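Here the structure is laid out as structure tokens; the discussion comes afterwards.
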Amino acid sequence: MMHRVLFSLILLTVMILPGSAQPYRVRADSIVNHLYLKKSWRPLLEETNSLLKRGIDFYQLRFKAGVAAYELKKYRQAVTHLQKAYSVLPGDTLINSYYYRALKLSGREDEASLLADQLSPGLLQAVQ
């Protein structure tokens with residue numbers, strides 16, 4: 001309940017602040033980033049779902065939503081978001097590590113094995 005109140009206040013503040021000509025995507029990124037840095041995983045996923053329903057979708061949104069879902073042990077949902085982020089930036093080691101572990105923990109061993117073939121030996125050892 002407290003997270004929802006905090007999120008509502010943040011959203012209201014961002015909407016009222018001067019500079020409302022600022023593109024909505026930038027404001028959305030700011031809100032998502034704030035929730036990510038505070039490790040407010042549940043509100044972050046709620047905001048992500050709301051943004052996606054409105055057609056707003058971008059790399060950092062998917063990456064941070066994937067991490068949030070992973071931290072909440074929603075591994076299938078994490079795979080969905082991380083897969084989108086991975087398709088944009090397949091060489092990012094942080095994405096790869098979360099994506100690999102989410103695939104493994106969601107029971108998608110075959111896909112995890114295919115991804116493991118693309119990971120460096122050091123990263124593969126670190127995530128296992």
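All values reported here derive from a predicted model rather than from experimental measurement. Counting begins at 1 with the first residue of the sequence.
- In terms of heavy atoms, Leu44 sits closest to Ala68 at CD2-CB, 3.9 Å.
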Practice item. Output, in order, the C-alpha distance, side-chain angles, deciding distance and verdict of side-chain contact (heavy atoms from CB on, under 4.5 Å) for Leu72 and Gln77. Key: CA-CA 10 Å; Leu72 292 170; Gln77 190 175 4; over 6 Å; no

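- Minimum heavy-atom separation, Ala112 to Tyr100: O-CE1, 3.4 Å.
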**Study point:** Tyr36 vs Trp41, side-chain contact (heavy atoms from CB on, under 4.5 Å): CA-CA, chis, key distance, verdict
**Key:** CA-CA 7 Å; Tyr36 177 80; Trp41 306 128; 3.8 Å; yes

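- In this structure, Ser106 contributes its side chain and Ala102 its backbone to a donor-acceptor pair below 3.5 Å.
- One distance of note links CZ of Arg108 with CG of Leu115; it measures 11.5 Å at 0.5 Å rounding.
- Between Lys39 and Glu71 there is no salt bridge, since no side-chain nitrogen of the basic residue lies less than 4.0 Å from a carboxylate oxygen of the acidic one.
- For the ring-ring contact (aromatic ring centres under 6.0 Å, His included) condition, no pair includes a residue of residues 48-69, sequence neighbours left out.
- When all heavy atoms are compared, the tightest approach of Pro90 to Ser87 is CD-O, 4.3 Å.
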Check your understanding: Is there a side-chain contact (heavy atoms from CB on, under 4.5 Å) between Val32 and Leu51 once you walk through the steps?
Key -> CA-CA 10 Å; Val32 167; Leu51 291 169; 3.9 Å; yes

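- Separating the CD1 atom in Ile31 from the OG atom in Ser40 is a distance of 12.5 Å, to the nearest 0.5 Å.
- To the nearest 0.5 angstrom, Ser113 atom OG is 6.5 Å from Glu109 atom CD.
- Residues meeting the side chain to side chain contact (heavy atoms under 4.5 Å, CB included) test with Leu52, sequence neighbours left out: Thr48, Asp57, Leu61, Arg62, His81.
- Applying the ring-ring contact (aromatic ring centres under 6.0 Å, His included) rule to Tyr99 yields the partners Tyr86; only residues at least two apart in sequence or on another chain are considered.
- The closest side-chain donor-acceptor pair between Arg76 and Thr80, if any, does not fall under 3.5 angstrom.
- Between Leu89 and Ile95, the shortest heavy-atom distance links the atoms O-CD1, 4.0 Å.
- In the hydrophobic clustering of this structure, Leu105 does not group with Leu114; members are Ile, Leu, Val, Met, Phe, Trp, Tyr whose side-chain heavy atoms approach within less than 4.5 Å, directly or through other members.
- With hydrogens and angles ignored, the 3.5 Å screen pairs a side-chain donor or acceptor of Asn96 with a backbone N or O of Asp92.
- In this structure, the separation between CD on Glu47 and CZ on Arg42 is 16.0 Å, given to the nearest 0.5 Å.
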